[in-house]
Number of protein chains: 4
Amino acid sequence: MARERKNSVRQSIVETASRLFYKQGYTSTGINQIIAESGVVKSTLYTTFRSKEEILMAYLESEGAVSDKELKEATEKVNDPKEKVLAVFDYLVELVQQKEYYGCHFLNVVSEVTKEDEAIRTQIKKQKNNVRQLFRQLLQPIGKGDLTDEIYTLFEGALAGNKVHDDVFPVINAKKIAEKLLK
Amino acid sequence: MARERKNSVRQSIVETASRLFYKQGYTSTGINQIIAESGVVKSTLYTTFRSKEEILMAYLESEGAVSDKELKEATEKVNDPKEKVLAVFDYLVELVQQKEYYGCHFLNVVSEVTKEDEAIRTQIKKQKNNVRQLFRQLLQPIGKGDLTDEIYTLFEGALAGNKVHDDVFPVINAKKIAEKLLK
Amino acid sequence: MARERKNSVRQSIVETASRLFYKQGYTSTGINQIIAESGVVKSTLYTTFRSKEEILMAYLESEGAVSDKELKEATEKVNDPKEKVLAVFDYLVELVQQKEYYGCHFLNVVSEVTKEDEAIRTQIKKQKNNVRQLFRQLLQPIGKGDLTDEIYTLFEGALAGNKVHDDVFPVINAKKIAEKLLK
Amino acid sequence: MARERKNSVRQSIVETASRLFYKQGYTSTGINQIIAESGVVKSTLYTTFRSKEEILMAYLESEGAVSDKELKEATEKVNDPKEKVLAVFDYLVELVQQKEYYGCHFLNVVSEVTKEDEAIRTQIKKQKNNVRQLFRQLLQPIGKGDLTDEIYTLFEGALAGNKVHDDVFPVINAKKIAEKLLK
DNA sequence: AATGAATGAGCCTTCATTCAT
DNA sequence: GATGAATGAAGGCTCATTCAT
């Protein structure tokens, strides 16, 4: 039961922090807001996480797992190898048009940390490498493994362009290019 | 001389703030640091700019002008129409490998402001539309105007990918794709 | 014309400051707000008035003149000697129910200055002594000069009570007492 | 002991703030002065009180309790019903001649807040209604309940008049009137 | 005489974190 | 192990006033 409570505390913190970090940004979100909205006492927060940055890490890990899972599921909905790659971009088209979409969790954070925040940058890199790995796994079977980083660059272009313009057009264009590359 | 002093104060603030906003992020940079490093007294800063956000706007405008100019110059170095487009990516290759490069000024900021900061978001969008416009002007003469947003999406992919990985590979790959699209 | 301009500047400052001092309080009203709303340049304000306190003094003098005049007029509307005294309270009944009434100008200010602000306190005292003098002039002819300060105390009670409760009842009760005293 | 410390911090803040608010006025007293003179660290002050206004509220409540108690005690010193009412004014005579008397706490504050500061105005009104209630309780037994608000208006006139003139005469005159009314 | 620019001190409030219990 | 209280530094911004021109 102590274990349960601890977990629920941890979960409550991460959930609240995730929502706030995503919507307001990491730096703009204060510890006080997290404790106020999670209901967790401040000192308990600091026995669960050593620092605000550790909460950020938990957020990145948590959202990373969700992202990995959803990308994987998107590719599994179709059977044709090429279509699997394009399914990723179809997923993005849906994703970026969701009501509570505020951009890519990882691109958002990477702009708020300096080059010195190695742990965070490494985690973000790791997450993005998962995406590259996914593309590699989809492309190698059809002999297009060398397109991996090109397709991945389109992926980032879709997300970054969408963030700036708050418009789906960069995602659409990324997909168009992907189709051409896979022809 | 009064005019001179005014300009030097304003300029001193913007230069200092630009350096700090770029290296540390907007939110992580405090007004106190700006005044300490610019040597401008706090109240003078606030007679020159109404708010920190106004300094951010000046920073975006200033860097936007530089960016516009450098992109234009990059395309003017070559003569072949297709090469002009690729020259943009060559410019990026050089840019992102500079010692004091910390990512795209505009993508960095866009992650730190909420959807409510309309003035800032509009300025960033405007800046990025300048880039789209540049691509359009280069592509239309060779009958490839409909590739504008695809090339632009590659541009963003190059910058965003580079930011995450601190590596030139996304820029290289963006250029590779551009070459294929222009063939 | 220079004279005219000077006067209009002075008038503009006093009018704006009066409105703001009255509605927001003296301390809560900043010089910047006065210049913003009066359209007078800051350095011009400081050539017209030596300090914020001097503007306060001008405000008290200006409102004092208005108050003297209105009280006098109120007493002149009736003929019966006793009624003249009561007419002051009838005037107050109307006054405190006006839309833009925020309490007695002078009682308001007296609470914002310390005992050290002698000039201001003296001006306020002088203004209130004008009221005492008015009552004396009305009461002596009917052989009730010794009631002067009692009636005056009712006057202050009406204003102070009204300020607290934002209700006319203290004015009404002050008048009731005055009627009894004059019987 | 934790409890003790909490109380001592809170108490220390309220005591210091009370002294300063009373002597200098609410607006003219800064948080920095409160922390300097109370010895409480700024962030601790803000864990004890959410805002400066909350300290003002504590001040009003604290002084309100003192005022209620002293008025009650004053009336209990005498036995004759009518004398109990007059004892209130005798109390005021002593009060306003004290060395550190700077006017009525509540009338002072009411002039520094706008009509929008409802919580503060309500507290002040509540305090003054306690006085009205006291008068009512003293007057009803002798069949003079309908004089309550007249006597109360005298009370305010005494305090307001004293504040302006820094002289006891308004209190003396208020008492004189009260005596006549009670005859 | 008039002004735009500049000033230092101060405003109220929040930051992420740690401590004693 | 959990917590309420405490911390020093910093947050962005405004104050009334004066200066050089």
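All chains are named by letter (A, B, ...) in the order of the sequence lines, taking the proteins before the strands, and each is independently numbered beginning at 1.
Each of F:dT17, F:dT3, E:dT7 was ranked by its minimum atom distance to the side chain of C:Tyr46; first place goes to F:dT17. Of the candidates F:dT7, E:dT7, E:dT3, E:dT7 carries the atom nearest the B:Val41 side chain, counting heavy atoms from C-beta on.
Distance alone, capped at 3.5 Å, places no donor-acceptor pair between the A:Thr27 side chain and the B:Thr27 backbone. Between the side chain of C:Asp166 and the backbone N or O of D:Lys115 there is no donor-acceptor pair closer than 3.5 Å. Counting only distance, with no hydrogens or angles, the side chain of B:Lys52 and the backbone of B:Tyr26 share a donor-acceptor pair below 3.5 Å. In this structure a side-chain-to-backbone donor-acceptor pair under 3.5 Å is present from A:Ser38 to A:Ile34.
At a cut-off of 3.5 angstrom, the base of F:dT3 holds no donor-acceptor pair with the side chain of A:Lys42. For E:dG4, the base has a donor-acceptor partner in the side chain of C:Ser43 [N/O atoms by modelled type, under 3.5 angstrom].
Residue-to-nucleotide proximity on DNA chain F shows that, of D:Leu45 and B:Tyr26, the 5′-proximal contact is made by D:Leu45.
Of the inter-residue distances, the one linking B:Arg10 atom CZ with B:Ile55 atom CD1 reads 9.5 Å to the nearest 0.5 angstrom. In this structure, OG1 in D:Thr48 is found 10.0 Å from CD in D:Glu54, a value given to the nearest 0.5 Å. The OG atom of D:Ser111 lies 7.5 Å from the CD atom of C:Glu112; values are rounded to the nearest 0.5 Å. In this structure, C:Glu37 CD and C:Arg19 CZ are separated by 4.5 Å, a value rounded to the nearest 0.5 Å. Interatomic distance, CZ of A:Arg121 versus NE2 of B:His165, reported as 10.0 Å (0.5 Å rounding). Of the inter-residue distances, the one linking A:Leu60 atom CG with A:Lys126 atom NZ reads 10.5 Å to the nearest 0.5 angstrom.
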A correct dot-bracket answer for DNA chain E, with pairs being Watson-Crick or G-U at under 3.5 Å, [ ] for crossing pairs and | for inter-strand pairs, is .||||||||||||||||||||
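For residues 29-39 of chain B, proximity to DNA chain F is found at B:Thr29, B:Gly30, B:Ile31, B:Asn32, defined as any non-hydrogen atom under 4.0 angstrom from a strand atom. Listed by residue number, the members of residues 49-59 of chain D with any heavy atom below 4.0 angstrom from DNA chain E are D:Ser51, D:Lys52.
Following rounding to the nearest Å, A:Asp117 (CG) and E:dA16 (P) show an atom-to-atom distance of 14 Å. If you take CZ of A:Arg10 and P of F:dA2, they are 14 Å apart, rounded to a whole angstrom.
Between B:Thr44 and E:dT7 there is a side-chain N or O to OP1 or OP2 distance below 4.0 Å.
Nearest heavy atom pair, residue D:Tyr59 against residue D:Ser18, reads CD1-OG, 3.2 Å.
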